[in-house]
Peer 1: 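Could you have a look at this structure, given as structure tokens, before my questions?
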Amino acid sequence: MDEKFKKPYDPSATETRIYEAWEKSGYFNPDNLPGPRNETFTVALPPPNVTGILHLGHAYEDSLQDAVVRYMRMQGKKVLWVPGADSAAIATQARVEKNIQKDEGKSRHDIGREELVKRVGEFAKNSESSILSQVRRMGASLDWSRYAYTLDDKRTSAVLTAFVRMYEAGLIYRGNRIVNWDPKGQTTISDDEIVHEERKSKLYTFLYSKDFPIPVATTRLETKVGDVAVAVHPDDVRYKEFVGKEFKLTFCETPLSIRVIADKEVDPEYGTGALGVTPAHSIIDWEMAERHNLPKDKIVINEYAKMSVEGPLNGLKAVDAREKVAEWLREQGLMEKEEEVTQNVATAERTGGIIEPLPKLQWFIGVDRVFTIPHSEIPGIESGSETTLKTIMRTAVESGEVSMPQENFRKVYMNWISNLHDWCISRQIWFGHRIPVWYKGDEIFCGLEAPGGTNWEQDPDVLDTWFSSALWTFSTLGWPEKTLDLKEFHPTSFMSPAYEILTLWVSRMVLMSGFHLGQVPFRTVMIHGLVRDKQGRKFSKSLGNGADPIDTIDKYGTDALRMGLLVGTAIGNDIRFDEDKVKGYKHFANKLWNITRFILESTEGADPHMSLNETDQALIAELDAIVVDVTLDMENYRIYMAAEKLYHYAWDRLAAELIEDSKPILLGTDETAKASRQAVLLVLLSTTIKLLHPFMPFVTEEIYQSLPGKSSDFLMVEKWPTNS
RNA sequence: GCGCGGUUAGCUCAGUUGGUAGAGCGCGUCAUUGACGUUGACGAUGUCGGGGGUUCGAAUCCCUCACCGCGCACCA
């Protein structure tokens, strides 16, 4: 028996060494796996932010995926798990800008585009190794030879190609539309990057002028200088006589022309049942303006959330202008009512800036635009038929081509798709994939490279970071080139993101993969929950409750952390992180260690192929039943149940009962019974170790290396036990 | 407003197709010189949120109510 078993199991002396040995073995790369492997199993790691640090959410996600991946590898599949990192455009640029501001007192405009992009890029590259080594510490069996970064050459080529092809298909277009403008970050942001905050605010009811017949209610008085109409419900008898009339008036020293329109979007119960229509500063007003052919170009608030309108309000901040208008109304005797209300204010997730809806020229992906799909493998969408991106997203899941076993998340996904609007993909920052479009006067050129000739100017915007993420399952496999990897490993097999990004990412991968490949991006999606702290709060910097998984690993070992995160946590529900639970599994790792110690000590010189007596055959049969059960759990991604069952078998059955029962036999005089028991103990041990490997890869591998008569060089590539 | 969850032992949570409830932690008592400083045994009378229904049988399926949470939209 190896001397190492005489001391308690020490994860810190083991894990790094084992990981290096695995990496050196080449088995993370599917091309090097031993034996014939006909079926592939592919997973794309959700790429962590390149400048980020590993948090418990990653730790959970990595544990989950690695358990699945290791199981499939042991099942004899040709397994590829692709690692990567995301440049996370806005977050990364904001961080570097902040540093520069702090250290040099300069803004990005002082530094210039080229220099800033260079510096952000360097910063990102410098942080890269840190997050990647943390992922390694989780034991993740990733094929590092296929590592991908969203801004590397191959991924950039994929992004530009995707843009150009969608532009040519008419699915990417430029349009003047109301977007969510973040005045603080000076960029557009997507709906998904908005958080709504409840705030107290005042609802003003007023008249534009003495001779205007309909009182109007608003919380945003300052925008009223941009009004072009008053809308009422078509069935509202109070205002019916005014519909269609036009009023010329002066409001707060600004000449306005207000038409009364009838639109069914108006809620007759709210306020006075009449609303002032400000097309340039509200999405629904914009839509109403489109329906009623009203002018939409009356912009009264600029990109810095300041008034830009002839008259006394010009240059004022929106909030100050609001008060000024209120004063004016009171003086004129036009204010009818002021009441406190609570309303949800849209703010930018990253900067906290209050969103100002503004019409802007932006790039969009049209999700309802009809196009002809040349090739489709998605059931229900014929090659060469006309379809839309929205149809692809819906059909992929409805047809079961993408299996989302969790019904509740399937509903969320469908619900989201039915409310989906065109996706604004341009961002007014500098770090990221720049939009491959050039302008010269009225001419426009979209292509992979700048057009020939002079005076072409490239669009200054970059793409939403989710654009490149949406290509991830196939850009990582070498698309747009027709690579062998792409052919062999796409669609990927499994994806397990947090429910936070179901819509943000999952649906968009379906969109992109559907359009560019006519395939789904993955076969199965298991949405997982969030890891919260012991009180059930989200981990956040401001709360200071962030538990560092690396600290936990240092203290208890990776295997213990993985078990602590996996056991007893139904996939999809939130998890409360409990250090004591992790501690318990550190004990378990040591228990396995001592089981091994006892069995190896008691079987020295024994013949492992000794034929078993009836009692011992029954023990094999008993374990076989567990193998069947656990395998079924694994096939259905019930990771948490499989892990728990094995924990109980190893501790309560094997250690507490079988080993205890064995002691008299091993010390007894019946040599046949002893030999049989020795042989069976070795089988039970090695089978248990194999079954536990997906969850606790390190301690099981370390034990395996010391087992007599092992059949592979690594447990990692051993065969998953079968019902014998 | 639309949608999705949750409510099970002191705490945190499992419970796969309906078959008279489980784990971890904590707590208590006892034991333990022999694989295990990280051991073992024993200890839970839980109205499975309330009510109703389907069923031979419901934590599980259906309806309804209550409370807690989340997402989306709107918020004039």
Peer 1: Can you see if the side chain of A/Lys583 gets near the phosphate of B/rU38 - specifically, an N or O under 4.0 Å from OP1 or OP2?
Peer 2: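 Negative; the distance criterion is not met.
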
Peer 1: Expressed as a whole number of Å, how far does the C1' atom of B/rG49 sit from that of B/rU17?
Peer 2: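 One C1' to the other, the span is 26 Å.
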
Peer 1: Among residues 677-689 of chain A, which contact RNA chain B at a heavy-atom distance under 4.0 Å?
Peer 2: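 Contacting residues: none.
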
Peer 1: Please state how far atom CE in A/Met641 lies from atom C1' in B/rC13, giving the value in whole angstrom units.
Peer 2: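 Answer to the nearest Å: 13 Å.
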
Peer 1: For A/Tyr649 and A/Tyr647, I'd like to know if the aromatic rings sit close, meaning centre-to-centre distance below 6.0 Å.
Peer 2: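 No, ring centres 6.0 Å or more apart.
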
Peer 1: Under 4.0 Å between a side-chain N/O of A/Asn573 and OP1 or OP2 of B/rA14, yes or no?
Peer 2: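 Affirmative; the distance criterion is met.
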
Peer 1: Which whole-number value in Å describes the distance from A/Glu660 CD to B/rA41 P?
Peer 2: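 Going from A/Glu660 (CD) to B/rA41 (P), I get 9 Å.
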
Peer 1: Give me the distance, rounded to whole Å, that separates B/rG19 from B/rA41 when you measure between the C1' atoms they each carry.
Peer 2: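 Looking at atom C1' only, B/rG19 and B/rA41 are 31 Å apart.
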
Peer 1: Please work out whether the ring planes of A/Phe251 and A/Phe206 are parallel, tilted or perpendicular, with thresholds of 30° and 60°.
Peer 2: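 Ring orientation, 0 to 90° scale: tilted.
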
Peer 1: Using only side-chain N and O atoms of A/Trp651, determine if any of them is under 4.0 Å from OP1 or OP2 of B/rC36.
Peer 2: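 No, A/Trp651 has no side-chain N/O under 4.0 Å of OP1/OP2 on B/rC36.
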
Peer 1: Apply side chain to side chain donor-acceptor pair (under 3.5 Å) to residues A/Gln678 and A/Ser602 and explain how you reach the verdict.
Peer 2: CA-CA 7 Å; A/Gln678 284 176 321; A/Ser602 334; over 6 Å; no

Peer 1: Hunt down any stem RNA chain B takes part in, defined as 3 or more consecutive Watson-Crick or G-U pairs whose two distances are each under 3.5 Å.
Peer 2: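 Looking at RNA chain B, the stems formed by three or more consecutive pairs are B:1-7 with B:66-72, B:10-13 with B:22-25, B:27-31 with B:39-43, B:49-53 with B:61-65.
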
Peer 1: Round to a whole Å and report the spacing from CZ of A/Phe588 to P of B/rG40.
Peer 2: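 So the CZ-P distance, A/Phe588 to B/rG40, works out to 12 Å.
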
Peer 1: Got a donor-acceptor contact below 3.5 angstrom from the A/Ser496 side chain to the A/Met526 backbone?
Peer 2: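 A pair under 3.5 Å: yes.
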
Peer 1: Expressed in whole Å, how much space separates the P atoms belonging to B/rG26 and B/rU39?
Peer 2: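 Their P atoms lie roughly 11 Å apart.
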
Peer 1: Determine whether more than 12 heavy atoms belonging to other residues, nucleotides or ligands lie under 6.0 Å from atom NZ of A/Lys645.
Peer 2: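 More than 12 heavy atoms, drawn from other residues, nucleotides or ligands, come within 6.0 Å of this atom.
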
Peer 1: When you measure only distances, ignoring hydrogens and angles, does the side chain of A/Lys591 come within 3.5 Å of the base of B/rC36 through a donor and an acceptor?
Peer 2: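 Answer yes: a donor N or O sits under 3.5 Å from an acceptor.
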
Peer 1: Select one nucleotide: of B/rU38, B/rG15, B/rC13, the one nearest the side-chain heavy atoms of A/Arg576.
Peer 2: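 Within the option list, the nearest is B/rC13.
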
Peer 1: Suppose you measure atom P in B/rC56 against the same atom in B/rU16; what distance do you get, rounded to whole Å?
Peer 2: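 It comes out at 23 Å once rounded to the nearest Å.
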
Peer 1: Give me the residues of residues 592-599 of chain A where at least one heavy atom lies under 4.0 Å from an atom of RNA chain B, by number, or none.
Peer 2: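 Output list: A/Asn594, A/Ile595, A/Arg597, A/Phe598.
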
Peer 1: In whole Å, what separates the P atom of B/rC62 from that of B/rU7?
Peer 2: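 B/rC62 and B/rU7 have their P atoms separated by 15 Å.
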
Peer 1: Counting only heavy atoms not in A/Lys583, do more than 12 fall under 6.0 Å of its NZ?
Peer 2: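 No, NZ of A/Lys583 has 12 or fewer neighbouring heavy atoms, counting only those of other groups under 6.0 Å.
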
Peer 1: A/Asp580 CG to B/rU12 C1': how many Å, rounded?
Peer 2: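 Going from CG in A/Asp580 over to C1' in B/rU12 covers 11 Å.
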
Peer 1: Rounded to the nearest Å, what distance is computed from the CE atom of residue A/Met404 to the P atom of nucleotide B/rC4?
Peer 2: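 Whole-Å distance recorded here is 15 Å.
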
Peer 1: When the P atoms of B/rU12 and B/rG69 are considered, how many whole Å apart are they?
Peer 2: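 Going atom to atom, P in each nucleotide, I get 15 Å.
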
Peer 1: So, A/Gln75 side chain and A/Trp720 main chain: donor-acceptor pair closer than 3.5 Å or not?
Peer 2: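 Looks like no, no N/O pair under 3.5 Å.
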
Peer 1: Rounded to the nearest angstrom, tell me the gap between atom CZ in A/Arg532 and atom P in B/rG6.
Peer 2: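 Checked: the CZ to P distance equals 15 Å.
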
Peer 1: For B/rG51 and B/rU38, measure between their P atoms and round to the nearest Å.
Peer 2: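 It works out to 47 Å between them.
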
Peer 1: Within the structure shown, what part of the strands sits under 4.0 Å from A/Ala231 by heavy-atom distance: base, sugar-phosphate, or nothing?
Peer 2: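 Contact class for A/Ala231: none.
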
Peer 1: With respect to the side chain of A/Lys581, which nucleotide from B/rG24, B/rG5, B/rC75 is positioned closest?
Peer 2: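 For the A/Lys581 side chain, the nearest candidate turns out to be B/rG24.
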
Peer 1: Does B/rG15 have its OP1 or OP2 closer than 4.0 Å to a side-chain nitrogen or oxygen of A/Tyr640?
Peer 2: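 True: A/Tyr640 side-chain N/O within range (under 4.0 Å) of B/rG15 OP1/OP2.
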
Peer 1: Using the C1' atom in both, what is the distance from B/rG28 to B/rG34, to the nearest Å?
Peer 2: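 Per the computed distance, 28 Å lies between those C1' atoms.
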
Peer 1: Please answer whether the main-chain N or O of A/Pro215 pairs with a side-chain N or O of A/Glu336 as donor and acceptor at a distance below 3.5 Å.
Peer 2: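 No, because the side chain of A/Glu336 does not come within donor-acceptor range (under 3.5 Å) of the backbone of A/Pro215.
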
